[in-house]
Amino acid sequence: MDEKTAGRVAALFQLWREDSYFDEDARMELCGLSVEDEEVVDRFYTDLEFGTAGLRGVIGIGSNRMNIYVVRRVTQALSDTIKAAGPEACERGVAIAYDCRHFSDAFARETARVLAGNGIRSFLFDALRPTPELSFAVRELKAIAGVMITASHNPQEHNGYKVYWEDGCQVGAEKAEEILRRMNERDSWLVDVPPSGSWEEMCTILGADMDEVYLKAVEGTLVNPDLIRKRGDELCVVYSPLHGTGNVPVRSMLKRAGFSRVHVVEEQELPDGSFPTVRVPNPEDPEAFRMALALARRQGADVVLISDPDADRLGLCVRDGEEYKGLTGNQIGIVLMHYLIDQLRVSGGLPEDSVVVKTIASTDLAESVGKDAGVEVRNVHVGFKFIGEQILEMETSGHGRFLLGFEESLGYLAGVYARDKDAVGAAVLLCEAALYYKCVDGKSLWQVLGDLHEKYGFYDDTQRSITLKGLNGRQTMDEIMRIMRGSTLTELAGRRIERFEDYKARVSRNLLLGTESVIPLPSADVLRFSLEGGGFVMVRPSGTEPKIKFYYSLKSDGEDPELRERVEKAFLAPVQHLIG
């Protein structure tokens with residue numbers, strides 16, 4: 001730790017421990033700690049980073065933790081940004097929602113309180129709600145902004161603060177930089193807040209009326225609603241909200257559509273920020289399906305669904321004979337893409353300028369499916385806000401009709417009612433697809449996926465994450481990216497690397513032709529190695545967790561089970577000493 005960082009840690013540690021602005025519980029949490037302690041360094045060596053994904057971090061006291069003082073500081077910066085837009089923006093107000101995590105409701109109220117102190121209206125949900133409904137509410141209310149208190153699928157000790165702008169999309173880079181700049185312009189951590197009883201008149205409570213409008217919009221994305229009404233009882237569904245916000249909206253939506261045989265995992269039904277039955281509340285973790293699969297086997301379920309704490313991500317397992325097969329986010333996206341294209345084409349409702357938007361970390365199989373159907377596939381940076389930006393661009397320009405957006409990390413959106421991924425909408429649409437293929441074709445979704453692989457080729461799509469916490473972890477990630485950026489790799493396990501793309505420098509190099517071009521996307525710390533014949537390997541530091549992520553999309557005939565292992569070993573060799 002350098003001298004400047006040490007000085008910062010000492011000064012903030014003293015301020016937070018001694019100043020009466022911080023309540024007694026906060027100051028007591030720091031008692032017994034010393035400025036030399038590694039824990040104190042981690043609490044204060046930096047501010048919790050605000051970016052296009054907002055804030056996310058461990059709950060606790062300190063500038064690098066999630067607490068009411070950090071919430072006040074970022075809300076004050078958001079207020080300053082809104083006030084700079086003028087009185088009309090302040091009157092339009094801010095929609096606020098929260099999930100099941102510890103202190104989420106308190107952070108949401110503190111957000112409304114600071115906004116009121118700045119003369120800005122707020123619209124606060126009366127209880128926990130899913131993230132996509134917050135995105136929808138911003139648009140429905142014509143609010144200037146939105147705030148969602150959530151840490152998504154992070155471990156139980158985390159919470160977060162996501163900011164949305166008037167189009168219902170998470171703030172882009174320019175707006176995030178403005179909010180961050182306004183945070184940094186304030187030298188003091190002290191934020192004036194109105195006392196209880198004086199801010200509530202600036203706050204409107206949202207409830208069942210908004211739920212009804214939201215669910216009606218989700219219902220509008222179904223392409224075979226009559227089939228569900230007639231034969232919905234032929235599909236058996238098991239669902240788990242993993243102690244999160246999805247329980248009420250997902251079950252309400254499935255019932256509304258006509259699915260009557262829905263069984264919920266009782267032990268995981270009620271909201272609980274401790275997530276006592278899972279290691280992490282992440283549908284990407286196969287272990288998270290354990291209880292749901294046990295119930296599915298007892299019920300003979302066709303489909304098994306689980307959503308993350310704020311119900312924007314959805315995981316899926318399907319019955320195939322006597323077994324249950326888990327689908328990756330890429331596979332779910334491809335199945336939804338195929339189903340929507342196929343059904344809309346049959347009904348004559350597929351627009352000629354249909355567009356599917358996916359992230360650069362998502363499977364290359366989408367390009368093959370899209371090309372065959374005459375549907376454009378656009379690639380954007382990792383983060384669903386970039387998919388939302390494409391929806392706005394299509395609506396503004398009048399070119400392109402948005403059909404589906406998906407990302408490999410279990411995020412999907414069909415329709416334009418929201419600007420974020422939606423587990424509620426994905427759940428009902430996947431059940432509709434499963435019912436259609438069961439009743440009409442006599443196939444499971446796993447068999448449908450197999451047909452697509454047989455037609456377009458098999459893609460082994462995998463993501464690996466390595467956790468690197470604290471200041472040392474950040475430095476290790478930077479070193480990994482530095483080494484990878486200077487890579488001289490020309491092949492991986494016998495597969496030639498056709499193209500090397502450095503998204504930070506926005507440079508794409510064709511290694512086979514020796515040519516170079518500009519990447520038409522904003523700068524981001526991402527490296528992608530595209531393989532000859534299809535597929536890629538990619539690396540990027542996470543923007544929301546202390547992790548570095550490696551993505552593998554490998555096209556093969558399915559006859560080489562060790563291909564991924566060989567590719568991974570060759571790719572990681574230059575940094576193996578750093579990741580262990």
Side-chain angles (χ1 to χ4, degrees), residues 212 214-241 246-265 289 292-293 295-307 311 314-327 331-350 373 403-404 406 412-415 417 422-452:
E212 170 60 25
Y214 163 66
L215 292 177
K216 185 175 182 180
V218 174
E219 189 175 17
T221 66
L222 299 175
V223 292
N224 276 313
D226 290 340
L227 176 67
I228 305 174
R229 283 191 284 269
K230 294 175 182 177
R231 305 184 65 175
D233 61 351
E234 296 181 37
L235 190 78
C236 183
V237 181
V238 161
Y239 168 64
S240 171
N247 183 42
V248 172
V250 170
R251 293 171 70 179
S252 297
M253 189 64 247
L254 291 174
K255 181 178 180 180
R256 182 188 188 107
F259 293 105
S260 56
R261 296 171 61 199
V262 178
H263 305 275
V264 178
V265 179
F289 275 92
L293 285 174
L295 178 59
R297 293 184 182 100
R298 294 195 298 271
Q299 297 292 340
D302 301 290
V303 172
V304 185
L305 304 168
I306 61 174
S307 55
L314 186 77
L316 170 71
C317 284
V318 298
R319 182 157 61 96
D320 182 52
E322 298 300 316
E323 299 182 10
Y324 284 90
K325 304 289 182 63
L327 276 69
Q331 291 170 337
I332 296 170
I334 289 297
V335 166
L336 282 175
M337 179 180 177
H338 168 69
Y339 176 70
L340 288 171
I341 290 173
D342 190 51
Q343 294 303 299
L344 291 173
R345 186 163 49 190
V346 168
S347 67
L350 182 68
L403 183 63
L404 175 72
F406 76 90
Y412 329 95
L413 176 69
Y417 60 90
D422 187 0
V424 182
V428 70
L429 193 57
L430 280 169
C431 285
E432 180 190 84
L435 178 67
Y436 174 85
Y437 289 119
K438 179 181 181 179
C439 293
V440 178
D441 291 349
K443 293 181 178 180
S444 69
L445 292 182
W446 185 258
Q447 290 170 315
V448 172
L449 179 65
D451 292 343
L452 293 172

For N224, which of Q343, E432, R229, K230 qualifies under side-chain hydrogen bond (donor to acceptor under 3.5 Å, both in side chains)? Q343

Considering all heavy atoms, the nearest G326-C317 contact: CA-SG, 3.6 Å

If you look at every heavy atom in I228 and L435, which pair is closest and at what distance? CA-CD2, 3.8 Å

May I ask you to test the L314-L430 pair for a side-chain heavy-atom distance under 4.5 Å? yes

V424 side chain near S252 side chain, heavy-atom distance below 4.5 Å: no

Nearest heavy-atom contact between L215 and P249 is CD2-O, 4.0 Å

Tell me whether R261 contacts the main-chain N or O of D233 through its side chain, where contact means a donor paired with an acceptor under 3.5 Å. yes

Less than 4.5 Å apart, side chain to side chain, heavy atoms only: is that true for L336 and L429? yes

What's the spacing between Y324 OH and F289 CZ if we round to 0.5 Å? 12.5 Å

In terms of heavy-atom contacts, G415 and T221 come closest through CA-CG2, 4.2 Å

Please tell me if the side chains of N247 and V264 come closer than 4.5 Å, counting only heavy atoms from C-beta onward. yes

For the pair D320 and K325, find out whether any cationic side-chain nitrogen is under 4.0 Å from an anionic carboxylate oxygen. yes

Would you say that L316 contacts I306 through its side chain, given a criterion of any heavy-atom pair below 4.5 Å between the two side chains? no

Hey, what do you get for CH2 (W446) to CZ (R319), rounding to the nearest 0.5 Å? 15.5 Å

SG/C431 to OH/Y239 distance, rounded to the nearest 0.5 angstrom? 11.0 Å

Between E234 and R231 (salt bridge meaning N to carboxylate O under 4.0 Å), is one present in this structure? yes

Counterpart residues, salt bridge (charged side-chain N to carboxylate O under 4.0 Å, His left out), relative to R298 (two or more places apart): none

Inter-residue atom distance E323.CD - R297.CZ, 0.5 Å rounding: 9.5 Å

Are Y437 and Y339 close enough, and set up right, to give a ring-ring contact (aromatic ring centres under 6.0 Å, His included), and what steps lead you there? CA-CA 9 Å; Y437 289 119; Y339 176 70; 5.8 Å; yes

Non-hydrogen atoms of L305 and A427 that approach each other most closely: CD1-CB, 3.9 Å

Salt-bridge present (R256, E212; N to O < 4.0 Å): yes

Would you say D422 and V218 make side-chain contact, with heavy atoms under 4.5 Å? yes

Heavy-atom side-chain contact between V265 and V238 under 4.5 Å: yes

Check C236 against G300 and note the closest heavy-atom contact, atom names and distance. CB-O, 4.2 Å

Sequence neighbours excluded, the answer for salt bridge (charged side-chain N to carboxylate O under 4.0 Å, His left out) partners of D451 is K443

